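Working notes, beginning with the structure itself.
Letters A, B, ... are given to chains in the order of the sequence lines, protein chains preceding strands, and every chain is numbered from 1. Predicted, not measured: the structure shown is a model, and the values here were computed from it.
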Number of protein chains: 2
Amino acid sequence: MFSEQAVTSADKTFYRLRTDIVEGQIPAGSKLSETELSTKYQVSRAVVREAINRLESCNLVERKANIGARVVSLTPQGLVQLYQVRESLEGMAARLAAKNMTDDEIAALNELLSSHFQEVKQGQSYYQEAGDVDFHYRIIIGSKNQHLISMLLNGIYHLVRMYRVQLGMAGPRVTTAFDEHRHIVQAISHRDEELAEMLMRRHILYSKNNIATKLGAG
Amino acid sequence: MFSEQAVTSADKTFYRLRTDIVEGQIPAGSKLSETELSTKYQVSRAVVREAINRLESCNLVERKANIGARVVSLTPQGLVQLYQVRESLEGMAARLAAKNMTDDEIAALNELLSSHFQEVKQGQSYYQEAGDVDFHYRIIIGSKNQHLISMLLNGIYHLVRMYRVQLGMAGPRVTTAFDEHRHIVQAISHRDEELAEMLMRRHILYSKNNIATKLGAG
DNA sequence: TACCACAAAAGTGTCGACAATATAGTGGCA
DNA sequence: TGCCACTATATTGTCGACACTTTTGTGGTA
């Protein structure tokens with residue numbers, strides 16, 4: 001889906017490590033030993049090093065010279081800060097999507113929404129996870145701003161997913177979020193950039209507040 | 001100023017390469033040969049590789065597997081997209097700065113503005129370059145959002161500087177920009193988050209339009 | 001001449017070993 | 001006992017060599 005093709009050994013190691021970190025099989029805050037990982041994954045240390053460096057670019061690990069790399073630790077403040085960035089960037093993405101998406105792309109977006117509607121109606125929980133990601137994903141791509149796309153999909157989304165998975169946020173907010181999605185798509189369909197941005201920002205802000213209260217973070 | 005301390009050889013190579021790229025001594029769009037650079041800088045290829053990888057994280061070079069790395073090329077659309085991201089992120093930074101800066105930091109910001117005022121009054125051009133950067137820098141730091149800070153200072157600002165240097169944007173807009181800065185600081189002093197964000201976004205938008213018309217980009 | 005196959009060259013990807021730095025552990029001294 | 005210096009160990013940083021892929025260049029064939 002994200003069109004990430006692993007051609008090189010470092011790629012594969014990067015993806016495996018990333019999955020293990022996001023899903024929590026390598027615990028948050030733990031140390032990443034190059035030698036250890038190289039034996040575990042059966043590749044040379046150079047490959048592991050490169051993979052870790054890329055993980056650092058994704059903000060999934062922190063590295064200090066001559067000391068080593070650690071998986072980031074998940075904190076309520078970190079989550080809040082992450083969502084502030086998301087609000088800012090995805091708001092802009094929605095604005096640009098309203099401007100730059102083709103009519104076909106918008107039609108497809110409406111279809112996606114309809115299919116989600118069916119699922120919500122039938123009480124399926126599929127929507128929450130993959131559906132939500134897919135919705136945001138399409139709008140981000142629709143912005144057609146390469147920097148924005150790269151920052152969100154390579155830089156932020158895996159960290160968001162890590163929070164979601166490890167703090168177990170599969171909560172409610174399904175139907176509410178669906179309505180919000182619907183309004184955003186409407187605004188995009190009307191090519192109302194201002195409104196699209198505002199609604200997207202609210203949508204993310206609500207979801208942040210929903211999570212923050214759950215975690216007891218300001 | 002940016003508290004970047006080069007402890008390792010890869011660090012130094014990274015900084016040297018980055019400077020050479022930003023200042024145009026390595027032309028935009030040109031290929032980066034690992035072997036060539038390793039002989040030029042007198043370090044091993046592994047070090048150059050790591051440096052190039054970090055440059056990729058900064059969006060200053062693009063790398064393809066088994067083919068190599070090229071310095072990004074500067075295009076009008078690229079500049080527009082970059083400024084859209086800046087608008088979004090720095091707008092949020094201003095909002096958060098209005099919320100999170102200490103009174104002391106705000107006082108210092110006002111002093112910075114005053115000293116700039118003296119310089120503008122005396123017709124010095126110092127303001128435009130370092131002064132402008134310093135102003136934005138302080139607000140970004142003042143946001144106290146680590147993701148935001150990292151994205152802007154590590155990820156985007158060097159690319160902005162690259163555009164500025166290589167397309168020669170030392171134009172006018174000095175006094176106008178100064179007024180905009182003044183209003184932003186006022187909003188921050190009043191802890192008006194909404195206004196601070198709006199003004200910062202307009203400030204960057206104006207500056208984008210100013211540049212875009214100069215380059216003949218939509 | 002145009003096109004394809006194949007060989008040669010250059011470049012990147014990967015590896016294991018050595019050097020430099022940080023950490024842990026030991027012993028001595030006040 | 002508590003603290004400092006020193007040694008030993010483990011980990012990261014750097015290097016040169018080899019493996020694999022891409023590109024270049026050469027020759028043959030239609």
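Counting to the nearest Å, the P atom of D:dT14 and the CG atom of B:Asn53 are 14 Å from each other. The CZ atom of B:Arg54 sits 11 Å away from the C1' atom of D:dG13 (whole-angstrom rounding). In this structure, B:Glu34 atom CD and C:dT14 atom C1' are separated by 12 Å, rounded to whole Å. As a whole-Å value, the separation of A:Ile67 CD1 from C:dA20 P is 19 Å. Whole-Å rounding puts the A:Arg45 CZ to D:dC15 P distance at 14 Å. The interatomic distance linking A:Asp11 (CG) with D:dT21 (P) rounds to 14 Å, in whole Å. One atom, OH of B:Tyr41, and another, P of D:dC15, lie 15 Å apart when rounded to the nearest Å. The separation between A:Glu50 atom CD and C:dC15 atom P is 11 Å, rounded to whole Å.
Contact of the A:Arg202 side chain with the A:Glu180 side chain is not registered, since no non-hydrogen atoms from C-beta on lie closer than 4.5 Å. A:Met101 is listed as a side-chain neighbour of A:Ile188, based on a closest heavy-atom distance under 4.5 Å.
No engagement by B:Ile52 is indicated, since no non-hydrogen atom pair under 4.0 Å with the nucleic acid exists.
The side chain of A:Thr8 places no N or O atom within less than 4.0 Å of a non-bridging phosphate oxygen (OP1 or OP2) of C:dT12. OP1 or OP2 of D:dG13 sits under 4.0 Å from a side-chain N or O of A:Arg49. Regarding contacts with the backbone of D:dA10, every side-chain N or O of A:Lys31 stays at 4.0 angstrom or more from both OP1 and OP2. Taking 4.0 angstrom as the limit, A:Ser44 places a side-chain polar atom (N or O) nearer than this to OP1 or OP2 of C:dC15.
The CD1 atom of A:Ile184 sits 4.5 Å away from atom CZ of A:Phe135, with the distance rounded to the nearest 0.5 Å.
Aromatic ring pairs are classed by plane angle as parallel below 30°, tilted from 30° to 60° and perpendicular above 60°; the pair A:His136 and A:Tyr157 is tilted.
The residue among B:Thr35 and A:Gln42 whose nearest nucleotide of DNA chain C is located toward the 5' end is B:Thr35.
If you check D:dT21, D:dG13, D:dT12 against the side chain of B:Asn66, the one that comes closest is D:dT21.
For B:Arg18 and B:Tyr15, the positive end is not near the middle of the six-membered ring at less than 6.0 Å and at most 45° from its axis.
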